[in-house]
Amino acid sequence: MPYEPKTIETKWQRRWVDERVAEVDVREPGQKFYMLNMFPYPSGDLHVGHGRNYILGDALYRHLRMQGHAALNPMGWDAFGLPAENAAIKRGIHPGEWTRANIAREKKQFDRWGILYDWSKEIASCDPTYYRWNQWLFLQLYKRGLAYRGKAPVNWCPSCQTVLANEQVVDARCERCGAEVAQRELEQWFFRITEYADRLEEGLGALTEWPDKVKTMQRNWIGRSIGADVEFEAPVLGRSLTIFTTRPDTIFGATFLVLAPEHPAVVELIESSSDREEITRWIEVVRNQTNLERQSEASGKEGRFTGSFAVNPFTREEIPIWLGNFVLPQYGTGAIMSVPAHDQRDFEFAQQYGLPIRVVVAPAGEEITSAPLTEAYTEKDKGVSIDSGSITGLATPRAIFRILAEIESRGIGKRTTRYRLRDWLISRQRYWGTPIPVVYCERCGIVPVKESDLPITLPLDVPFTGKQGNPLAKMASFVETTCPGCDGPGRRETDTMDTFVDSSWYYTRFISASDTTQIFESDLVNRWLPVDQYIGGIEHAILHLLYARFVCRVLFDMKLVSFEEPFTRLFNQGMITKEGFRDPSENMSWVPLDQVERRDGAAYRKTTGEKLLPEVGKMSKSRFNVVPPDELIDRFGADTERVYTLFIAPPDKEAAWSDDGVIGAHRFLNRVWHLGEQIVAMDTAPMAVDEAAQPMIRKSHQTIELVTARIGRFELNTAISALMELSNSIGDYLNRGGLSRRASVESYLTLIKLLHPFAPHITEEIWERFGGEGLLVTSKWPVPDEALMREAVVRIAVQVNGKLRGEISLPADSAESDVIAAASSHERVQSYLEGKSVVKTIYVPGKLVSLVVK
RNA sequence: GCCCCGGUGGCGGAACUGGUAGACGCACAGGACUUAAAAUCCUGAGACUCGUAAGGGUCGUGCCGGUUCGAUUCCGGCCCGGGGCACCA
């Protein structure tokens, strides 16, 4: 019977659904394991690159199941967001309809891949039963002062027509659409994530099972700096200016101050300057620059002298107060003390404007030269303070400590920790999101909606014109309401929440997905969470993972959960890339694959014969390099796609898709199938295990050990290669006339069990053919036979002076002395030993004997 | 500029704790089956080199150096590629 993936796969997919094999009763006792793939945005078209993520999760899940865990593997939909709204404008479908159609499509795709999710716990963030709790959570944050409305310079994406969080701005561009973001001073809703900056930073240390890369990115993003706020008297103001510095030890070298042009004291400071008008004009120019312009290297450092002076509290000198475009208003106090000798930026600025440079730190043990500096000396590790009053002669760390004490005792400043992290801007001027449950009242101001009035549902009869602004704002029926405080007329907030709010807590909701009385049941959540294994893309290293860690801590502080970190172990799978082709003669435009002809390792355009440039990259429609899973599955079956996808490369690495490579995976499964046919046909063969079967039996037990260890380490590519080896070894046995039915069946069924997580359909079918019932649900993950492994004969390499001179075969548990004796009496080795003496023997158990000879 | 990761055949990639480098697979070559093709099965292969052959030798994991009986692995210095952060004081 030939291997027909199509019939087999539909049969088993139906059975898994009918028998609800993946459903977990969270109240049942058991050895819990919470597996979770980041829930996707339902955009409709899944390609093999998305598949990698879910297939990986499913393989782990099936492995856990077979190992006897009560494994929970739920799935849901991050279903609010801009693409749905854009689709609505473009095609005249309601975003909800579009989203639901996509969800149905993707769900079907998951089934076709043979992926098992516990669909009884399905959630969709666009569902009022879900976003009701999103609103509830907002109210809790509001109550705790963690949600607030405030005016601040914010990022505005002109193309998406909404404000964005800092985390959604990459290189001054919108993370979604790539448009350059503008700065606007707007009143918006924020979550006070900065309040948790320190805890978020501290918590990273405990995440030992997270990739270092992600932790580093979060650390960079939080950007903790330990330093001091120091006051400099400014006689013109009649008060002092506060600056922030991480190098208080260099204060004796502070020869001027620089303020951000936006600093609130600027107007007063420039009052007496003769250049007041020019300075004001310049400030306007700087303010109107986009962040991209202001921060670009090309525009350089620019500044203006305010005409006023401050007093350095340690040297008592009068130092000029400057304005500089390189000083950021949002960070620290928006003012710095400039120490040009020991800060590169200050150095450049001082050189440009001819400001004094005073050296106050010198490299320990080196001569101090009087030659003019060419760059700032910023080394913190080996510096020693010079010409610095009481701290002269102290090494930098010590000097910092001492000067801080002095600053504090004199009452002119204090130790401070500053963060780069800014509050999370969560309001969006878009329709397709969770309405922020707040009412504006003329009399009462901002009034939160009563919890009993939740959910504030998103009206569905909204016209999508594509014209400027949020359509919600134009709906009188939604906007006009009564104030929950005074029952007078009120206006609803029409901004919706950032969809990252939805995903900041969804992992808790699966546990009580249908609970209508509370956000989740704490006892159950505390039993199942934190998530034991979380899987998703590296693109969420900061955004989603930081927000989730923040919200989890808020839930912890509310005593709703008993843990601060939501995800114990994190795995970031790599992207799948594929070759696409550009036409250099047509502005490097991408060429559809049906127009590409490959000859002699190069690519040409069929119509013109023009040589094309191949480029490997992310799969996308515009590059014409998307591999849709449907065709692949029709041709080879889902098991082939699964095996190939996992075999292609280590799962955390980027991998290039190769259509040819798929064939290898298919051949492998085909071989496995035919081995089964051959073994079934052996029904008259003897049971007795013959000598020829020994290597195969040993191999099967070795493979159990290898595959188990490798799955645990996410080395699925080599786990599969080990299975290929086992299959080859069974094939060898049969081809060379192996006769034992028992040995064949045992080794083969071991292979089938170990292969199940990767190729679930074919293995279930074979299992059934061999009389089994439900491989996933009834069979156990095999365990290697220790005694057999010990008895196994191993081949040991023999070296003389580092060169391989022979091989000996001995039982694995042979004594060292026996192994060395056998090695030295090896025929070829002896010919190398003649006339020489062995000075040293090195024995690596089970592997190698090395004789050092003189 | 700072931080992190990587560099192994024609290609994807193996190598546990320093111990036979190149597993497994693709592509390739030869063979079997076939009228033929596809499919399938068997065999071969890092490079160079000696030998009619069996079988040897030398070089080889980005480059240079070190530790070691032995280095893809450890240490020092470079080169290249990728990623993150970046006037954050």
Side-chain angles (χ1 to χ4, degrees), chain A residues 2 170-171 211-221 223-225 227 243-247 250 258 260 294-297 299-301 324-328 330-339 342-346 348-349 375 378 418-422 538 541-542 601 643-644 647-650 652-665 667-668 670-671 674 705-706 709-710 713 715 717-728 731 735 795-807 839-854:
Chain A
V170 178
D171 293 335
D212 289 335
K213 188 180 175 178
V214 174
K215 287 189 278 187
T216 310
M217 283 168 75
Q218 293 220 351
R219 213 162 259 138
N220 281 340
W221 191 262
R224 176 159 74 179
S225 295
I243 60 94
F244 173 67
T245 179
T246 54
R247 289 294 301 274
T250 61
V258 188
R294 182 159 167 182
Q295 293 179 13
S296 78
E297 293 283 330
S299 62
K301 289 184 182 43
N325 63 349
F326 70 101
V327 178
L328 304 174
Q330 335 67 314
Y331 185 75
T333 57
I336 60 165
M337 67 174 195
S338 251
V339 186
H342 307 295
D343 182 284
Q344 193 56 30
R345 295 153 302 187
D346 296 349
E348 284 164 25
F349 193 78
E375 57 176 5
T378 57
R418 299 272 179 186
Y419 301 89
R420 208 188 74 102
L421 183 71
R422 266 165 267 146
I538 188 76
I542 297 172
V643 168
Y644 175 66
F647 179 64
I648 184 170
D652 55 334
K653 266 196 168 177
E654 199 170 90
W657 185 270
S658 134
D659 292 323
D660 288 332
V662 177
I663 300 203
R667 278 186 198 144
F668 165 57
N670 212 11
R671 264 198 299 273
H674 288 291
E705 213 170 46
L706 275 176
R710 287 175 178 175
R713 291 195 302 260
E715 294 164 5
N717 55 329
T718 52
I720 290 172
S721 74
L723 292 172
M724 288 174 171
E725 284 185 57
L726 175 55
S727 138
N728 289 345
N735 286 340
R795 306 185 80 190
I796 299 172
V798 184
Q799 286 179 349
V800 179
N801 277 2
K803 299 258 153 129
L804 179 69
R805 296 302 179 192
E807 266 178 338
V839 243
K840 199 173 164 191
T841 53
I842 296 136
Y843 174 53
V844 181
K847 281 208 168 155
L848 173 127
V849 178
S850 194
L851 308 174
V852 182
V853 161
K854 228 179 167 175

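Quick note on labels: first sequence line is chain A, next is B, and so on, each numbered from 1. These numbers come from a predicted model, not from an experiment.
Interface remark: the Lys301(A) side chain does form a donor-acceptor pair with the C87(B) base, using a distance-only criterion of under 3.5 Å.
The base-pairing partner of G18(B), taking Watson-Crick or G-U wobble contacts with both distances under 3.5 Å, does not exist among the strands shown. Figure legend. U40(B) is base-paired to A32(B); pairs are counted as Watson-Crick or G-U wobble with both atom distances under 3.5 Å. Applying the Watson-Crick and G-U wobble criteria (two distances, each under 3.5 Å), C48(B) pairs with G57(B). Base pairing annotation: C24(B) forms a Watson-Crick or G-U wobble pair with G12(B), both donor-acceptor distances under 3.5 Å. When Watson-Crick and G-U wobble pairs are counted only if both distances are under 3.5 Å, G81(B) pairs with C5(B). Taking a pair to require two hydrogen-bonding distances under 3.5 Å in either a Watson-Crick or a G-U wobble arrangement, A89(B) remains unpaired.
Between the NZ atom of Lys653(A) and the P atom of C11(B) there is a distance of 14 Å, given to the nearest Å. A straight line from CG of Asp212(A) to C1' of C85(B) spans 16 Å, rounded to a whole angstrom. C4(B) atom P lies 18 Å from atom CD of Gln218(A), rounded to whole Å. Look at CG on Asp660(A): it is 15 Å from P on C11(B), rounded to the nearest Å. Protein atom CG of Asn220(A) is 17 Å distant from nucleotide atom P of G1(B), rounded to whole Å. Atom CG in Leu723(A) sits roughly 16 Å away from atom P in A14(B) (whole-Å rounding). Taking atom CZ of Arg224(A) as the reference point, atom C1' of C85(B) lies 17 Å away to the nearest angstrom. Atom pair Asp659(A):CG and A27(B):P shows a separation of 12 Å (rounding to whole Å applied).
Glycosidic conformation, G12(B): anti, with the torsion outside 90° of 0.
Between the C1' atoms of A21(B) and G70(B), the separation comes to 13 Å (whole Å). With both ends at atom C1', the span from G9(B) to C4(B) equals 29 Å, rounded to whole Å. Atom C1' of C80(B) sits at a distance of 44 Å from the matching atom of G31(B), rounded to the whole Å. Spacing between C2(B) and C69(B) at atom P, rounded to whole Å, works out to 37 Å.
Residues Gln218(A) and Ala541(A) come closest through the heavy atom pair NE2-O, 2.9 Å. Of all non-hydrogen atoms in Gly324(A) and Val258(A), the two that sit nearest each other are N-CG1, 3.3 Å. Listed here is the closest heavy atom pair of Met337(A) and Thr250(A): CE-OG1, 3.7 Å.
No side-chain heavy atom of Arg710(A) sits less than 4.5 Å from a side-chain heavy atom of Ile720(A). In this structure the side chain of Phe326(A) never reaches within 4.5 angstrom of the side chain of Glu348(A), judged on heavy atoms.
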Between the protein and nucleotides 20-25 of chain B, which nitrogen or oxygen pairs come in under 3.5 angstrom?
| unit_1 | atom_1 | unit_2 | atom_2 | d |
| --- | --- | --- | --- | --- |
| U20(B) | N3 | Glu807(A) | OE2 | 2.8 |
| U20(B) | O4 | Glu807(A) | OE2 | 3.2 |
| A23(B) | O2' | Glu725(A) | OE2 | 3.0 |
| G25(B) | OP1 | Asn728(A) | ND2 | 3.3 |

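When each of Asn670(A) and Pro650(A) is assigned the nucleotide of RNA chain B bearing its nearest heavy atom, the one mapping closer to the 5' terminus is Pro650(A).
In this structure, the side chain of Glu715(A) does not engage the main chain of Pro650(A) through any donor-acceptor pair within 3.5 Å. With hydrogens and angles disregarded, no donor-acceptor distance shorter than 3.5 Å links the side chain of Tyr644(A) to the backbone of Asp659(A).
Note that Lys301(A) lies outside the cation-pi zone of Phe349(A), set by a 6.0 Å cut-off to the ring centre and a 45° limit from the axis.
Within the nucleic acid shown, Arg422(A) comes within 4.0 Å of at least one base atom, counting heavy atoms only. Within the nucleic acid shown, Ser850(A) comes within 4.0 Å of at least one base atom, counting heavy atoms only. Within 4.0 Å (heavy atoms only), Val339(A) reaches no atom of the nucleic acid at all.
The shortest distance between the side-chain N/O atoms of Asn735(A) and the OP1/OP2 oxygens of C42(B) is below 4.0 Å.
Taking NZ from Lys213(A) and CD1 from Ile538(A), the interatomic distance works out to 4.5 Å, rounded to the nearest 0.5 Å.
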